[in-house]
Chemist: 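Dumping the structure here so I can ask a few things about it.
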Amino acid sequence: MALAQKAGAPARDRIVMQVTDADPARWVLALSNARNVQAELGKGKVDIEIVVYGPGIDMLRLESVVGPNVAEALAAGVRITACENTMIGHHIARDDMLPGIGYVKTGVVRLMRLQQEGYAYVRP
């Protein structure tokens with residue numbers, strides 16, 4: 001057994017990314033980071049979740065310019081989670097959102113919980 005596993009480290013690498021920007025360049029960077037991590041560690045060996053809230057939520061709308069990039073990430077096994085509190089504040093319904101994304105009531109709480117579960121935090 002590897003030393004890290006003996007010390008209680010997870011058998012899989014786990015990363016959570018926070019994206020709160022409505023800037024397409026920031027989104028391309030975050031999705032590129034996810035793709036690079038999967039290439040380095042292996043898609044089947046790392047769990048990646050991108051938690052989205054604040055102004056970044058608009059980049060998950062159906063008409064988003066990064067929609068194709070998001071679809072590619074989802075197909076590669078990256079979880080992308082939208083904050084429902086932000087959606088309510090922006091008057092966005094699930095029907096307005098890209099297919100395949102997940103939802104949580106509060107994005108910040110999701111970030112907190114994943115970090116408590118041992119996910120590494122990344123803010124691209």
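Everything numeric in this text was worked out from a predicted model, so none of it was measured.
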Chemist: Please round to the nearest 0.5 Å and tell me the distance separating atom OG1 of T81 and atom CG of L114.
Modeler: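 Answer for the OG1-CG pair, T81 versus L114, is 7.5 Å.
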Chemist: For N69, what residues pass the side-chain hydrogen bond (donor to acceptor under 3.5 Å, both in side chains) criterion, not counting sequence neighbours?
Modeler: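 Result, side-chain hydrogen bond (donor to acceptor under 3.5 Å, both in side chains) vs N69: none returned.
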Chemist: Measuring from L41:CG to N36:CG, what's the distance to the nearest 0.5 Å?
Modeler: 10.5 Å
Chemist: What pairs with R113 under salt bridge (Lys or Arg N to Asp or Glu O under 4.0 Å), at least two apart in sequence or on another chain?
Modeler: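 Per chain and number, R113 pairs via salt bridge (Lys or Arg N to Asp or Glu O under 4.0 Å) with no residue.
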Chemist: Can you pull the side chain to side chain donor-acceptor pair (under 3.5 Å) pairs that have at least one residue in residues 89-100, sequence neighbours excluded?
Modeler: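 Counting only pairs at least two positions apart or across chains, the side chain to side chain donor-acceptor pair (under 3.5 Å) contacts touching residues 89-100 are E84-R94.
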Chemist: Mark yes when over 12 heavy atoms from residues, nucleotides or ligands other than Q116 sit less than 6.0 Å from its CD; otherwise mark no.
Modeler: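 Counting neighbours around CD of Q116, more than 12 heavy atoms of other residues, nucleotides or ligands fall under 6.0 Å, so yes.
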Chemist: Considering residues at least two apart in sequence or located in another chain, which fulfil the side chain to side chain contact (heavy atoms under 4.5 Å, CB included) criterion with L111?
Modeler: V16, Q18, V51, Y53, Q115, Y121
Chemist: Filter on salt bridge (charged side-chain N to carboxylate O under 4.0 Å, His left out), then keep only pairs touching residues 61-77, sequence neighbours left out; what's left?
Modeler: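 For residues 61-77: R35-E72, D58-R61.
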Chemist: Mind checking side-chain hydrogen bond (donor to acceptor under 3.5 Å, both in side chains) for T86 and listing every partner two or more places apart, or none if nothing turns up?
Modeler: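 Checked T86 against side-chain hydrogen bond (donor to acceptor under 3.5 Å, both in side chains); zero matches.
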Chemist: Applying side chain to side chain contact (heavy atoms under 4.5 Å, CB included), name anything that partners A71, two or more places apart in sequence or on another chain.
Modeler: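 Partners of A71 by the side chain to side chain contact (heavy atoms under 4.5 Å, CB included) criterion come out as none, since no residue qualifies.
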Chemist: Will you find, in the side chains of T20 and R26, an N or O donor that is under 3.5 Å from an N or O acceptor?
Modeler: no
Chemist: My understanding is that only residues two or more places apart in sequence, or in another chain, count here; which of them pass side chain to side chain contact (heavy atoms under 4.5 Å, CB included) with A73?
Modeler: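 Per chain and number, A73 pairs via side chain to side chain contact (heavy atoms under 4.5 Å, CB included) with L31, V78, I80.
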Chemist: Give me the other members of the hydrophobic cluster that V104 sits in, counting Ile, Leu, Val, Met, Phe, Trp and Tyr linked by side-chain heavy atoms under 4.5 Å, directly or via other members.
Modeler: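 When side chains under 4.5 Å apart are linked, V104 ends up in no cluster with other residues.
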Chemist: Of all residues at least two apart in sequence or in a different chain, which pass the side-chain hydrogen bond (donor to acceptor under 3.5 Å, both in side chains) check with N33?
Modeler: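 side-chain hydrogen bond (donor to acceptor under 3.5 Å, both in side chains) list for N33, sorted by chain: empty.
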Chemist: Which residues satisfy the salt bridge (Lys or Arg N to Asp or Glu O under 4.0 Å) test with D47, sequence neighbours excluded?
Modeler: R12
Chemist: Mind checking side chain to side chain contact (heavy atoms under 4.5 Å, CB included) for K45 and listing every partner two or more places apart, or none if nothing turns up?
Modeler: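 K45 satisfies side chain to side chain contact (heavy atoms under 4.5 Å, CB included) with no residue once adjacent residues are dropped.
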